[in-house]
Amino acid sequence: MSDPLWSFDTLVAAAGGRADGAAADAITGLSIDTRSIAPGEVFVALKDQRDGHEFVTQAFARGAAAALVLESYARRPGDGALIRVADTLDGLRFIARAARARLAPDARVIAVTGSAGKTTTKEMLRACFEALAPGRVHASAKSFNNHWGVPLTLATMPAATRYAVLEIGMNHAGEITPLTLLARPHVAIVLNVLPAHLGHFAGVEEIAEAKAEIFAGLEPGGTAILNGSSPHRDRLARRVPPSAARTLVFGLADQADALDAAITGYADGDADPLAPVSVTLQLGERTLAYTLAVPGRHIAENSAAALLAVCEAGGDVARAAAALAGAGAATGRGERIRVPLAGGELLLVDESYNANPASMAAAIRTAGAARSGAFPRLVLALGDMLELGEASVALHRGLQKDVDAVHADLVFASGPHMKALWEALDPARRGAWGATTKDIAQPLLAALRPGDVVMVKGSNGSRMAPLVAAIRALAVRGAA
């Protein structure tokens with residue numbers, strides 16, 4: 001897919017805009033961030049946490065081919081070609097709609113939502129489809145799954161795309177509907193419905209309704225894929241439109257009945273926590289054996305959803321399954337890192353990107369399973385889970401059973417909400433608590449030693465990533 005993404009004139013028309021100046025005809029991409037913009041890309045000046053119009057001239061200095069701006073934007077010295085529109089987010093959405101419309105009839109769009117696991121599943125799908133159509137797969141970058149991330153992903157989708165994989169997220173009811181109507185997926189997956197963002201919902205049932213919005217954009221004859229063990233399965237199924245071809249379910253064979261894709265076998269590498277995970281999947285009449293680079297039964301479960309989607313998109317599911325061995329964890333989402341220390345090494349499990357009660361419990365269990373002869377001690381560094389509303393204290397305290405179940409040796413906790421867990425723990429397990437990650441950094445680093453499994457997790461707003469960086473910085477060159 002080396003052809004130009006857009007011509008300038010076509011992009012102006014797609015945006016419903018007015019050209020002010022002329023740009024090179026080969027537009028290579030779109031960007032909302034001047035820090036990463038590449039020459040030939042169009043800078044989209046969104047008004048979000050900051051007004052992107054403040055950075056238009058900087059974007060041109062870094063090689064932008066043009067900028068999508070408001071009609072009222074006052075041209076500055078150094079500015080190049082402008083595409084003037086009434087609203088830049090709407091302009092981006094119009095471009096996204098045009099990009100979706102120009103796909104070939106045999107192209108397939110897969111959309112994924114859920115309370116946890118979206119990005120990892122999206123990356124599994126990317127790996128699967130790349131094995132089937134090399135160079136013709138387009139997927140969301142990072143976690144571009146919100147009101148601007150989904151339109152930007154679509155707007156940067158080449159016309160020759162054979163498979164598109166879109167991650168769609170939400171914090172409030174009504175946010176998924178306009179995004180799925182843009183995407184118009186042929187396959188829509190709801191991985192799970194968990195107590196996340198409870199501060200914005202009256203209960204998990206409302207979260208299920210919000211996740212079910214993904215089916216509003218499902219193409220006629222498309223497929224809905226649901227988690228068979230979810231207590232909200234029937235609620236979700238009722239939201240699948242009559243125009244859909246069918247609804248399929250996936251999951252762990254020992255947790256649900258009548259699955260279209262069932263994980264019937266799972267082995268996580270035994271003594272080597274970095275060994276590939278062996279999985280057996282019953283997919284209709286077929287039995288598939290494959291390996292995953294990322295451990296965790298929840299990851300295996302989501303791989304079943306991914307392969308079911310491949311099957312529904314008409315792909316070679318056996319070849320796709322083989323590709324999962326190369327789909328490693330994204331940064332902050334379960335990545336396992338050996339950190340050499342004087343006298344040995346520790347195993348760092350980086351789960352720092354985000355957290356809700358269910359994903360936190362799963363990460364604790366998976367970290368506990370990483371214990372081995374080489375890594376006998378388990379250390380947990382846990383930060384606040386945010387947006388849980390009035391249930392926050394109880395949900396944080398409730399993690400005690402998960403910590404106890406894996407017999408964690410030390411727990412370091414940060415944030416006012418995580419103090420509830422800290423106070424519930426056996427004093428022998430308490431490493432340190434602090435109001436912020438900065439407050440626990442030094443006690444945590446001082447406590448670590450060779451043979452530790454140390455898992456770091458918390459909501460993105462809890463800023464756990466600096467702890468990961470500090471642990472990685474302990475590495476002693478040449479030690480092991």
Side-chain angles (χ1 to χ4, degrees), residues 100 103-114 117-118 120-133 136-140 157 161-168 176 179-181 183-192 211-230 233 236-253 256 258-264 279 281-288 290 300-324 327:
R100 174 65 179 86
L103 288 180
D106 64 344
R108 288 295 175 264
V109 177
I110 292 83
V112 183
T113 194
K118 294 184 294 295
T120 300
T121 304
K122 178 255 298 181
E123 291 303 321
M124 286 195 282
L125 283 162
R126 185 204 299 268
C128 287
F129 288 124
E130 192 62 39
L132 306 181
R136 297 185 62 198
V137 179
H138 185 70
S140 306
M157 180 171 61
T161 297
R162 177 69 177 85
Y163 298 105
V165 185
L166 302 172
E167 176 182 342
I168 301 182
I176 287 180
L179 302 180
T180 188
L181 290 174
R184 291 167 37 219
H186 299 90
V187 180
I189 304 170
V190 179
L191 294 172
N192 43 52
K211 294 296 182 186
E213 292 176 26
I214 196 169
F215 303 131
L218 194 61
E219 285 282 86
T223 302
I225 297 179
L226 309 176
N227 190 318
S229 62
S230 172
R233 169 177 160 177
L236 294 168
R238 288 194 294 270
R239 293 289 302 276
V240 178
S243 60
R246 52 184 174 170
T247 299
L248 302 177
V249 293
F250 70 95
L252 302 175
L259 298 174
D260 298 289
I263 298 295
T264 59
V279 178
L281 175 69
Q282 192 68 37
L283 186 65
E285 299 297 318
R286 303 182 64 178
T287 301
L288 295 172
Y290 54 94
E301 187 174 18
N302 290 344
S303 76
L307 292 175
L308 198 54
V310 169
C311 188
E312 288 302 294
D316 183 334
V317 71
R319 197 189 326 169
L324 289 173

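The nearest pair of heavy atoms linking Leu181 to Ala216 is CD2-O, 3.6 Å. Of all heavy-atom pairs between Ala183 and Leu166, the closest is CB-CD1, 3.4 Å. Here the closest heavy-atom approach between residue Leu103 and residue Val109 is recorded as CD1-CG2, 3.9 Å. In this structure, Ala309 and Ile189 approach most closely via the heavy-atom pair CB-CD1, 3.9 Å. In terms of heavy atoms, Ile263 sits closest to Ala300 at CD1-O, 3.4 Å. Considering every non-hydrogen atom in both Arg286 and Ala318, the closest pair reads NH2-CB, 3.7 Å.
In terms of the side chain to side chain contact (heavy atoms under 4.5 Å, CB included) criterion, residue partners of Ala188 (sequence neighbours excluded) are, by chain and number, Pro185, Ile214, Phe215, Leu218. The salt bridge (Lys or Arg N to Asp or Glu O under 4.0 Å) search around Glu219 returns Arg100, Arg184, not counting sequence neighbours. Shown here are the side chain to side chain contact (heavy atoms under 4.5 Å, CB included) partners of Ala261, two or more places apart in sequence or in another chain: Phe250, Leu281, Leu283, Ala304, Leu308. Scanning for salt bridge (Lys or Arg N to Asp or Glu O under 4.0 Å) contacts around Arg246 gives Glu312, with sequence neighbours left out. Judged as a salt bridge (Lys or Arg N to Asp or Glu O under 4.0 Å), and not counting sequence neighbours, Arg233 has no contacts. Considering only residues two or more places apart in sequence or on other chains, Ser229 meets the side chain to side chain contact (heavy atoms under 4.5 Å, CB included) condition with Asn227, Gln255, Ala256, Glu301.
Here the side chain of Arg319 pairs a donor or acceptor atom with the backbone of Ala131 at under 3.5 angstrom. For the pair Ser140 (side chain) and Glu167 (backbone), a donor-acceptor distance under 3.5 Å is present.
Residue Thr287 holds its OG1 atom at 3.5 Å from CD of Gln282, rounded to the nearest 0.5 Å. Taking CD from Glu123 and CD from Glu130, the interatomic distance works out to 11.0 Å, rounded to the nearest 0.5 Å. Taking NZ of Lys122 as the reference point, atom OG1 of Thr113 lies at 13.0 Å (rounded to 0.5 Å). Taking CD1 of Ile168 as the reference point, atom OG1 of Thr180 lies at 5.0 Å (rounded to 0.5 Å). The distance from atom CZ of Arg162 to atom CG of Asp106, rounded to the nearest 0.5 Å, is 4.5 Å. Note: Glu213 CD to Leu179 CG = 9.0 Å, rounded to the nearest 0.5 Å.
A side-chain contact (heavy atoms from CB on, under 4.5 Å) with Leu132 is found for one member of Asp316, Val317, Val137 and no other, namely Asp316. Leu307 pairs with exactly one of Leu324, Val279, Leu125, Asn302 by the side-chain contact (heavy atoms from CB on, under 4.5 Å) rule, that one being Leu324.
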